[in-house]
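Down below is the structure, laid out as structure tokens.
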Amino acid sequence: MQFTIDHTCPHSDARTGVIKTDHGDIQTPVFMPVGTAGAIKAVTMEQMEQETDARIILGNTYHLYLRPGIEILKEVGGLHRFGTWSKPILTDSGGYQVFSLAAMRRITPEGVTFASHIDGSKHLFTPERVMEIERAIGADIMMAFDECCPGDASYAYAKQSLDTTEQWLDRCIKHLEHTPPLYGYEQALFPIVQGCVYPDLRRRAAEHIASLGAPGNAIGGLAVGEPTDKMYEMIELTNSILPKDKPRYLMGVGTPANILEGIARGVDMFDCIMPTRNARNGQLFTWQGTINIRNAKWRTCHEPIDPEGTASTDHRYTRAYLYHLFKAQEITGLTLASIHNIAFYLDLVNQAHDHIVAGDYTDWMRSVLPALTRRL
């Protein structure tokens, strides 16, 4: 995997670049739609290709391990073929589930024992096992197994958690040295910087990871309950240490404003469930602000869903029609809203890219932030 920086911003750390993978090039900054179980919720792969500008999607190791199961994916040649997605795929390692399924797991130095959220069966995730699972899924970019501790964790807990994450990272790297890719193309491992909101822990983690020379690096454990200003502080600290010539991936973040602020601080890659999750609850992101399409004010609004939208569905259907679909509990409403939000997030990073190239990213970001945080 190769990363080339094309442009930098004169007034911030924003930059544009290209990540080259065996399944295609990824222009950065990039937003990666989340397909937890191998599909973007409510959206087909054809719709992803035709209606959005998605260049890479995510799959989740924990969920794909449980369903459909690794043997099924091996039989067909990995998730690309199983889901008919020909562009790059990134897999989370299951580390976020260590955080989100806290009531259903037990952490030891060996790994994490999960009780399946499906049937309660017990499963042990070790760093070695996670690398085998990600190899079988066939992701172009694999995340190291880590513990994502809560944003309000004590210093003692955060330090212990970081100790474990660093030990697991070493085991991930060692195991990959003896397990080549299964499907004939490169799979890159990204380590994850943890450390909660404690600067010395973040610094220690970033310095350790910077010394490894990985093809890319991730920033984890943010947007998990800590104040927004602390999140930005940790991003700035971490990116001041991570190699500038490698892509930086901010995991699980976030709102449109979060993404623009992250880009200004030198982040290249983002993912979040927010576009699709919020869409299914009737929230649409637009350049004028957010819309709750369930609100009665849209019942007689016969304007397009989004006159500035980049998806054809934004112009074909009206807000009144989408309001009707949600009120009628028609599944098509979830699809239209999801396509819109994904397309908007991709337009967001595309416009950021263009303004970095033009050299006016900082001024542009300041001009659009007020509207992006407004409710219509």
Inset, instruction - Linking directly or through intermediates, with side-chain heavy atoms under 4.5 Å: list the remaining ILVMFWY members grouped with Y249, chain and number order. - result: M1, F3, I5, I19, I26, V30, M32, V34, I56, L58, L90, I141, M143, F190, I192, M251, M269, I273
Legend entry - R129/E132 salt bridge by N-O under 4.0 Å criterion: yes
Legend entry - Heavy-atom side-chain proximity of V197 to E233 below 4.5 angstrom: no
Legend entry - Geometric class of the H340/F344 ring pair [parallel <30°, tilted 30-60°, perpendicular >60°]: parallel
Legend entry - Gap separating the CD1 atom of I342 from the CD atom of E51, nearest 0.5 angstrom: 10.5 Å
Sequence neighbours excluded and cut-off under 3.5 Å, please list the side-chain donor-acceptor pairs for residues 62-71, or say none.
| unit_1 | atom_1 | unit_2 | atom_2 | d |
| --- | --- | --- | --- | --- |
| Y62 | OH | H117 | N | 3.3 |
| Y62 | OH | H117 | ND1 | 3.0 |
| Y65 | OH | H123 | ND1 | 2.9 |

Inset, instruction - Evaluate the criterion side-chain hydrogen bond (donor to acceptor under 3.5 Å, both in side chains) for residue pair T16 and H7; output intermediate values, then yes/no. - result: CA-CA 5 Å; T16 70; H7 298 88; 3.3 Å; yes
Inset, instruction - Ignoring hydrogens and angles, tell me if any N or O in the side chain of E110 forms a donor-acceptor pair with the backbone of L124 under 3.5 Å. - result: no
Inset, instruction - Could you give me the CA-CA distance, side-chain angles and deciding distance for D163 and Q167, then say whether side-chain hydrogen bond (donor to acceptor under 3.5 Å, both in side chains) is met? - result: CA-CA 6 Å; D163 291 343; Q167 291 165 12; 5.9 Å; no
Legend entry - Distance in Å, S93 OG paired with W168 CH2, rounded so as to fall on 0.5 Å steps: 9.0 Å
Legend entry - Lys/Arg-Asp/Glu bridge criterion (N-O < 4.0 Å) met for D53, R55: yes
Inset, instruction - Would you confirm whether K87, through its side chain, and A54, through its main-chain N or O, come within 3.5 Å as a donor-acceptor pair? - result: yes
Legend entry - side chain to side chain contact (heavy atoms under 4.5 Å, CB included) partners of T255, counting only residues at least two apart: A257, N258, M274
Legend entry - Y185 vs H80, ring-ring contact (aromatic ring centres under 6.0 Å, His included): CA-CA, chis, key distance, verdict: CA-CA 12 Å; Y185 54 83; H80 288 91; 5.7 Å; yes
